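What follows is a single structure, written as structure tokens, with notes after it.
For clarity, every value in this text was computed on a predicted model and none was experimentally measured.
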Amino acid sequence: MAQELYFQFSGTTLSEALLSIAERTGSNIAFDAERLGHPVVDREISGENTSELLDALLDGTEFNYQQQYGSYLIINKNDKTGILAHTYEGARGILLDANTGKALPWADIYLDSLKTHLYASSDGSFLIPTTNSESRDIYMTYLGYHPIDTTVSTDASSGPYIFRMEQKSELLEQVEIEAPKMPMLELGRDAGQYSLRPASFINLPNYGETDLFSALELLPGISYSQNAAELSIRGGSGDQNLVLFDGFTLYNLDHYFGAFSALNPNVVENLQVFKGGFDSRYGERVSGIIDAKGRSGDSLATSVYGGINLLSTNLTVEAPLSQKFSMLLSGRLGYSSIFSNFMIENIYEDQNLSTSPWSGGRKQSDIDPKYNFYDFNIKLRYHIREDEEISLSAYGGRDNLDLEDQVVRRYISTNILDDSQWNNYGVGLTWSKNWNKHFSSSIQAGASGFINRYSSFISIFQDSTGFPAVPGPGGSDILPAVEDQAQYGYNEQNYLGDLYLSFRNTYQLNPAHKLDFGIIARNQFYSLITESDQTGTTYVSSGSSGLWSVFLQDVITPTTNFMVKPGLRMNYHPLTRDFYAEPRLSANYVFDNGFRLKFSAGRYYQFLSKVASGQSYGYNREFWVLADNQQYPVLSSNHLILGSAYESGKITLDIEAYYKTFEGLQQQVIIVDGPDRYDFRRQTPVLSFDTSPTSIIVSGSGRSFGLDFLLKYQERNYQGWVSYSLGRSLQNYDMINEGNDIPAPVDRLHALDLTQMYSTGNWNFSLVYLFSTGQPYIVANREHEEQAVYQTFRRLPNYHRVDVSANYSFHIKKARFRLGLSIINLLDRQNYYDIDRRNFLFNNISYEETSIIKSQGITPNVFLQFRF
């Protein structure tokens with residue numbers, strides 16, 4: 001999906017504006033720098049490709065452009081002589097690193113006889129315009145390389161010329177040179193929109209793998225967690241976010257319990273993030289959008305790069321298969337567990353559990369998790385012609401977790417063997433074409449899905465012969481003085497599949513109106529099977545449904561300062577046999593001093609979502625279902641965002657207030673009440689109202705609201721920002737707590753993130769501070785005579801963490817290296833980020849084990865990256 005680019009020029013010369021467009025789009029734009037160095041531009045422009053941007057920039061000026069051979073030549077509308085009036089004929093050149101063969105983007109090429117500067121594109125190519133002269137003296141320079149001064153023929157049949165530049169001995173690694181020019185984080189024009197460049201993420205503290213989602217969690221309104229699968233955007237749950245990679249949907253988002261994301265940073269070119277209020281091009285989710293564009297293989301030279309650290313290793317190969325055909329192959333492999341020593345700790349021990357001899361306490365035995373994962377990416381791209389291409393992108397990943405845990409009390413012990421395996425996959429075939437400078441189209445077909453398999457084998461052993469029996473109501477014994485044991489298992493399989501076909505178009509009706517329209521067809525299907533020996537029940541649920549969506553929006557720019565974007569998305573869902581309209585509206589106004597006002601509102605529907613499992617244990621505890629408006633309702637949301645931003649020089653300030661409503665939320669509640677129930681914490685019998693485990697799925701509504709604040713500062717060797725979020729996320733179910741508000745699992749009142757990055761020479765340093773209010777968790781589900789369920793809540797302690805990192809770049813002959821150290825939780829603060837609950841029924845005794853999952857203590861990791 002094409003992404004709209006936005007520029008704001010104030011007192012900028014036309015030549016500087018053209019250079020900015022060339023740098024952002026990777027296009028080769030040829031012009032007379034001296035003649036275009038005098039006109040001054042004061043306007044905002046936007047577009048999805050170079051042609052649209054040049055149309056907007058040159059509108060109302062004396063200049064126009066011509067396009068040929070993949071380059072853009074700026075010409076004078078009236079002057080038919082001189083360099084500006086030449087057509088795109090001439091010799092093509094390509095500038096490469098003499099040692100690595102890597103293209104040198106944005107290199108400066110000076111034509112002395114014409115007093116003109118040209119600039120190489122992102123692939124190092126450029127076009128030398130022809131004149132009456134048969135040859136041309138050219139002078140090429142690139143920072144960190146020895147210049148080239150030579151003479152070439154301008155006859156097109158003589159090219160292409162391959163120029164290889166030698167590195168200077170004091171070479172700094174290329175990324176160090178370019179980083180100050182390309183900030184990691186930029187504000188988008190729409191409310192709630194950010195653009196991020198993953199190439200800079202390596203300088204942030206990490207677990208050894210550069211992590212994309214950890215960087216996203218440093219933004220206001222996106223809560224951080226050590227489980228990236230639960231990425232929360234402005235009070236929404238993880239399944240309410242649409243994560244796209246090259247157009248197809250990813251359904252599982254993390255490896256290593258969320259230590260880093262399932263998206264390999266080596267294959268991601270850029271990220272677009274929408275925290276809400278997104279326009280009608282996007283749909284099918286009610287919270288946020290993460291749109292990742294994958295890298296394409298190098299079309300000029302083969303390159304190999306990757307890295308190794310204490311947790312995993314990765315390798316990527318880019319290679320040209322022909323002049324028009326390129327390939328990228330990438331893979332990662334994990335080989336250890338970072339939670340080996342402290343995955344689970346009983347929460348009661350932190351709440352001053354009674355030392356009564358009856359309680360026996362809970363002893364944490366050795367927990368032995370065995371964890372590994374792999375993932376891979378393949379990208380093939382073929383240039384049919386300059387204005388048309390076809391690409392194939394594929395992703396696959398698999399995680400395996402085996403965990404043994406033993407809970408020991410004086411009179412009863414529980415041994416648990418868990419086996420989890422989950423797979424994530426996606427593939428997309430995309431054809432795109434620019435029909436002319438006004439109209440472009442793309443067609444994409446593909447499939448994606450998620451498979452989760454979970455099994456648990458539980459052994460319970462009771463030996464209370466050394467203790468007196470505990471009397472219960474009616475004369476029976478809650479804990480008889482007996483020796484007994486039982487074994488039972490639990491199995492769950494959840495499968496989700498998604499087939500899709502889309503046709504998208506952009507048409508520039510006139511300078512003030514740009515139309516986006518398209519149609520998307522999907523077929524989604526799922527199955528869920530659970531088997532429990534404990535309850536003697538088998539639960540089977542499955543379904544499939546198509547989804548037809550059409551969208552239309554008009555990007556209206558009546559003036560250079562004002563933009564309004566009305567849109568409509570219509571859906572038809574055959575399973576519910578109903579139509580769903582999603583009106584959208586956004587607008588922004590930019591004042592001459594750089595101050596901006598922005599607004600966004602819309603309605604959103606979601607037909608595929610997760611139900612939170614009441615048996616809150618195991619890694620992937622929630623399960624995917626399709627809405628049928630019977631057992632599973634359609635999820636809907638309304639968004640309203642108001643905000644302002646200010647950008648001036650090195651400073652960026654962004655403030656947004658938001659309000660969201662939800663309908664169709666679901667929660668599965670499991671209540672285990674045997675004939676008698678025992679509370680190990682209080683050592684007392686508990687009267688029960690049922691004789692068997694109860695599982696119900698309840699539906700309700702919710703709302704989230706808050707304020708996001710971002711202050712960013714950047715200069716040549718430093719960039720940093722502080723983000724703060726103030727927000728609440730509440731839910732309401734008629735069958736829970738008499739319909740009163742309860743906190744959503746992601747509810748956090750305060751979140752503060754501080755990010756600092758500094759570079760000097762070959763060194764990069766960074767520091768990240770994280771703080772948030774502790775998230776809520778359910779202490780217990782209880783049946784009530786007058787209502788279905790009564791839930792009691794507590795909150796985890798507040799979360800504090802300081803992470804630091806440093807890395808050093810160097811080269812050895814043809815190879816470049818980066819050696820780094822990251823320390824997570826530098827101050828070794830004890831933090832917690834989740835709660836596990838598991839219910840048991842044994843010998844007419846029901847009880848619940850509640851465990852807290854600790855975040856990691858101080859965790860260092862060393863990594864080495866390489867490029868050949």
Do the non-hydrogen side-chain atoms of [X] and [Y] ever get within less than 4.5 Å of each other?
{"X": "E663", "Y": "L635", "answer": "no"}
{"X": "Y495", "Y": "F525", "answer": "yes"}
{"X": "L608", "Y": "L496", "answer": "yes"}
{"X": "N571", "Y": "L547", "answer": "yes"}
{"X": "R285", "Y": "T249", "answer": "yes"}
{"X": "L707", "Y": "Y724", "answer": "no"}
{"X": "D741", "Y": "R703", "answer": "yes"}
{"X": "L528", "Y": "Q493", "answer": "no"}

*For the pair I736 and V698, evaluate side-chain contact (heavy atoms from CB on, under 4.5 Å) and give the outcome as yes or no after the intermediate values.*
CA-CA 8 Å; I736 298 179; V698 297; 3.7 Å; yes
*Run through F662, F579, Y580 and flag the one making a ring-ring contact (aromatic ring centres under 6.0 Å, His included) with Y605.*
Y580
*Looking at the rings of F450 and W422, which for Trp means the six-membered one, are their centres under 6.0 Å apart?*
no
For the pair [X] (side chain) and [Y] (backbone), establish whether a donor and an acceptor sit closer than 3.5 Å, ignoring hydrogens and angles.
{"X": "Q666", "Y": "Q631", "value": "yes"}
{"X": "N732", "Y": "G700", "value": "no"}
{"X": "N241", "Y": "G288", "value": "yes"}
{"X": "S699", "Y": "G664", "value": "no"}
{"X": "S637", "Y": "T661", "value": "yes"}
{"X": "N737", "Y": "G739", "value": "no"}
{"X": "S704", "Y": "S729", "value": "no"}

Donor-acceptor pair between [X] and [Y] side chains, under 3.5 angstrom:
{"X": "Q667", "Y": "Q791", "value": "yes"}
{"X": "Q421", "Y": "N400", "value": "yes"}
{"X": "S609", "Y": "Q606", "value": "no"}
{"X": "K660", "Y": "S287", "value": "yes"}
{"X": "N638", "Y": "R603", "value": "yes"}
{"X": "Y251", "Y": "D498", "value": "yes"}

*Start with the C-alpha distance between F213 and V243, add both sets of side-chain angles, then the distance that settles side-chain contact (heavy atoms from CB on, under 4.5 Å), and finish with yes or no.*
CA-CA 11 Å; F213 282 3; V243 180; 4.1 Å; yes
*Test side chain to side chain donor-acceptor pair (under 3.5 Å) on Q775 and R748 and set out the steps.*
CA-CA 6 Å; Q775 70 185 55; R748 291 176 174 176; 2.9 Å; yes
Locate the shortest heavy-atom distance separating [X] from [Y]; write the atom from each residue and the value.
{"X": "N491", "Y": "S455", "answer": "OD1-CB, 3.1 Å"}
{"X": "L219", "Y": "S723", "answer": "C-OG, 4.0 Å"}
{"X": "G235", "Y": "S232", "answer": "N-OG, 3.8 Å"}
{"X": "A627", "Y": "P633", "answer": "CB-O, 3.5 Å"}
{"X": "F771", "Y": "H750", "answer": "CE2-CB, 4.1 Å"}
{"X": "E217", "Y": "S223", "answer": "CG-O, 3.6 Å"}

Spatial distance of atom [atom1] ([X]) from atom [atom2] ([Y]) [nearest 0.5 Å]:
{"X": "N825", "Y": "N831", "atom1": "CG", "atom2": "CG", "answer": "6.0 Å"}
{"X": "I451", "Y": "N494", "atom1": "CD1", "atom2": "CG", "answer": "10.0 Å"}
{"X": "S420", "Y": "N452", "atom1": "OG", "atom2": "CG", "answer": "7.0 Å"}
{"X": "S725", "Y": "D708", "atom1": "OG", "atom2": "CG", "answer": "4.0 Å"}
{"X": "H800", "Y": "L770", "atom1": "NE2", "atom2": "CG", "answer": "11.0 Å"}
{"X": "K610", "Y": "D239", "atom1": "NZ", "atom2": "CG", "answer": "6.5 Å"}

*Where do I222 and L231 land on the side-chain contact (heavy atoms from CB on, under 4.5 Å) test, with the steps shown first?*
CA-CA 7 Å; I222 303 181; L231 190 70; 3.7 Å; yes
_Charged N-O contact under 4.0 Å between R234 and E656_ = yes
Aromatic ring pairing [X]/[Y], orientation class (parallel under 30°, perpendicular over 60°, tilted between):
{"X": "Y632", "Y": "Y526", "result": "perpendicular"}
{"X": "F607", "Y": "H573", "result": "parallel"}
{"X": "F278", "Y": "F274", "result": "perpendicular"}
{"X": "Y604", "Y": "H639", "result": "tilted"}

*Excluding sequence neighbours, so at least two apart, what forms salt bridge (charged side-chain N to carboxylate O under 4.0 Å, His left out) with R795?*
D747
